[in-house]
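Please read the structure below before turning to the comments.
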Amino acid sequence: MERVYISKIPDYVDQEVTIKGWLYNIRSSGKLMFPELRDGTGIIQGVVVKSAVPEKVWEDFSRLTQESSVIVKGSVTKHPKKENVFELQVTDLEIISIAEPYPITPKEHGVEFLMDRRHLWLRSPRQVAILRVRNEIIQSIRDYMYENGFILFDTPIFTPNACEGTSTLFSTDYFDLGKAYLSQSGQLYAEAGAFALGKVYTLGPTFRAENSMTRRHLTEFWMMEPEMAYCDINEDMDLIEDFMEYVVQRVIKNCRSELTELGRDLSKLENVKKPFPRITYDEAIDILIKKDIPLIRKTENGEEHIRPFPWGEDFGAPHEEAIVEDFDKPVMVHRWPAEAKSFYMKRDPENPKIALGVDVLAPEGFGEIIGGSQREDDLKELEKRIAEHNLPMEEFQWFLDLRRYGSVPHSGFGLGIERMVNWICNLENIREAIPFARRPNRITP
RNA sequence: UCGACAGUAGCUCAAUGGUGGAGCAUUCGGCUGUUAACCGAAGGGUUGCAGGUUCAAGUCCUGCCUGUCGAGCCA
């Protein structure tokens with residue numbers, strides 16, 4: 001009897017099959033039982049008729065507990081009442097393991113309770129759907145990059161210095177060489193890769209030791225960072241919109257049932273097609289002024305300081321929301337005040353106060369999911385920036401070499417994988433977007 | 001780090017300062033088409049911790065711990 005995955009069950013109507021999985025739930029009705037079986041690809045309801053199975057099979061079913069592992073044989077039939085739903089008319093049962101009382105019931109649970117049992121929570125249909133979407137997002141990123149000539153370029157996780165010199169890093173002892181830091185970005189190394197291979201991308205974990213306790217932050221998250229030689233900020237944005245359209249449309253195509261399980265409004269995602277709106281930072285500020293969204297800062301004595309949004313400040317959550325709400329696509333905000341951005345960004349030749357950076361804000365208030373820029377390619381300018389930011393010049397000599405030996409205009413961006421999952425799946429909190437989320441207050445399981 | 005809110009049965013929640021309850025889960029019984037199945041019964045509690053106010057505290061006050069959300073920072 002053929003072993004079949006539940007996702008393939010519609011191909012086996014009226015045939016005898018074997019399903020290997022776990023008991024998700026069971027209802028009984030005296031001389032009938034309805035076990036729900038899951039195998040990672042789906043859930044199917046079995047029908048056990050007392051008079052139609054050996055006594056041992058009936059007794060074994062009545063011993064089963066939630067999440068017991070079982071191998072079940074039976075024939076596939078159409079559901080008597082529901083269209084496109086199939087059942088298994090059970091003939092035989094083999095118990096692999098009886099589960100102890102399972103803590104996660106098909107009822108509501110709090111987030112802390114579930115996160116303490118994340119290793120079990122992953123089995124529930126919603127989490128399975130999210131992780132399948134995550135898989136499709138990452139696979140479509142890899143396929144897009146491969147098909148467009150990008151070379152996967154793996155960058156180190158142990159690094160000797162702060163990549164951007166801004167956020168706090170995790171540190172660890174590194175033999176006789178002092179401290180090593182966990183990478184917060186592979187970008188600087190990817191720039192070396194771009195000069196060797198033309199177009200590269202990194203895809204791996206990155207680390208930020210910021211004590212950020214919000215629905216959008218992790219201390220360990222996955223980032224995808226393309227880097228292209230002979231590429232300016234406008235071509236960078238061309239790539240962003242082409243790439244994002246590809247990924248989103250492919251997830252819609254291949255993960256329709258998962259997105260439905262998550263209750264996702266697909267029409268919102270179907271809008272994600274090029275071109276995306278491109279607005280400058282100055283234009284974004286005009287929107288904030290027009291909508292009367294002020295900048296609110298708390299002073300040290302706790303008083304709120306409210307003023308019209310001033311040029312030079314970075315946007316907070318309410319500002320991002322106001323900028324995005326008039327659009328039904330991701331919005332690219334470009335040409336930022338240089339002071340608010342990293343040292344490596346190239347200045348606008350037309351205005352030295354402007355950096356050629358771009359942030360991509362996801363629709364529906366999901367906030368920033370991409371940050372990118374054209375990189376400073378002039379040796380003297382870059383040296384000046386490193387000095388201004390009080391970064392260790394010695395550590396950056398290899399990075400400066402890229403400007404000494406055949407410097408070219410180049411650009412790239414960083415995409416937060418979990419933020420992409422967060423948005424596409426319409427999640428409440430980013431901790432569901434990765435199998436085992438790492439946040440300041442959690443490192444287990 | 002700062003701010004707001006919360007912590008009661010295994011879980012999700014209720015309880016005017018006056019005898020701590022319900023649903024689910026668990027165990028037992030019933031039911032031949034159930035869909036978070038249903039019906040009946042049983043067991044299950046140091047109300048986060050430490051102080052204080054009061055005749056009396058789950059409830060009010062102080063401190064601490066833990067969590068959620070938000071701010072800052074960012075992908």
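Letters A, B, ... are given to chains in the order of the sequence lines, protein chains preceding strands, and every chain is numbered from 1.
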Basic-acidic side-chain contact under 4.0 Å: Arg134(A), Glu432(A): no

Check ion pair Asp143(A)-Arg250(A) (N to O, under 4.0 angstrom): yes

Base [N] to side chain [X], donor-acceptor N/O within 3.5 Å cut-off:
X         : N      : value
Arg419(A) : C74(B) : yes
Thr214(A) : C69(B) : no
Gln45(A)  : U34(B) : yes
Thr105(A) : C11(B) : no

Nearest-Å distance once atom [atom1] is located in both [N] and [M]:
N      : M      : atom1 : result
C49(B) : G58(B) : P     : 11 Å
C65(B) : U27(B) : P     : 40 Å
A56(B) : G3(B)  : P     : 34 Å

Starting from [atom2] on [N], measure out to [atom1] on [X] and report it in whole angstrom.
X         : N      : atom1 : atom2 : value
Asn441(A) : U1(B)  : CG    : P     : 12 Å
Phe315(A) : A75(B) : CZ    : P     : 15 Å
Arg442(A) : U66(B) : CZ    : P     : 13 Å
Phe34(A)  : C31(B) : CZ    : C1'   : 12 Å
Glu100(A) : U27(B) : CD    : P     : 12 Å
Leu295(A) : C73(B) : CG    : P     : 9 Å
Phe243(A) : A75(B) : CZ    : C1'   : 13 Å
Met345(A) : A75(B) : CE    : C1'   : 12 Å

Touch check for [X], heavy atoms < 4.0 angstrom, all strands: base, sugar-phosphate only, or nothing?
X         : answer
Glu108(A) : base
Met420(A) : nothing
Thr206(A) : nothing
Phe221(A) : base
Arg117(A) : nothing
Asp314(A) : sugar-phosphate
Ile370(A) : sugar-phosphate
Lys82(A)  : base
Arg216(A) : base
Gly110(A) : sugar-phosphate
Lys81(A)  : sugar-phosphate

Quiz item: cation-pi between Lys329(A) and Phe276(A), 6.0 Å / 45°: no

My understanding is that a pair needs two contacts under 3.5 Å, Watson-Crick or G-U wobble. By that rule, which nucleotide pairs with [N]?
N      : answer
G7(B)  : C65(B)
A36(B) : none
U16(B) : none
A41(B) : U27(B)
G70(B) : C2(B)

Phe113(A) and His109(A) aromatic ring geometry - parallel, tilted or perpendicular at 30°/60° bounds: parallel

Taking the minimum atom-to-atom distance to the side chain of [X], which one of [options] wins?
X         : options                : value
Gln89(A)  : U32(B), G33(B), G10(B) : G33(B)
Met213(A) : U34(B), C74(B), U68(B) : U68(B)
His79(A)  : G67(B), G33(B), A36(B) : G33(B)

Steps toward side-chain contact (heavy atoms from CB on, under 4.5 Å) verdict (Val133(A), Leu259(A)): CA-CA 8 Å; Val133(A) 171; Leu259(A) 294 170; 4.2 Å; yes

Under 4.0 Å between a side-chain N or O of [X] and OP1 or OP2 of [N]?
X         : N      : value
Asn429(A) : C69(B) : yes
Asn422(A) : A75(B) : no
Arg215(A) : A75(B) : no

Any side-chain donor near an acceptor of the partner, Arg118(A) and Gln127(A), under 3.5 Å: yes

Test item: side-chain donor near acceptor, Tyr146(A) and Arg142(A), under 3.5 Å: no

5' precedence on RNA chain B between Val111(A) and Glu368(A) (nearest-nucleotide basis): Val111(A)

Closest-nucleotide 5' rank along RNA chain B - winner of Arg431(A) and His109(A): His109(A)

Derivation of the side-chain contact (heavy atoms from CB on, under 4.5 Å) call for Trp336(A) and Ile354(A): CA-CA 5 Å; Trp336(A) 289 72; Ile354(A) 298 284; over 6 Å; no

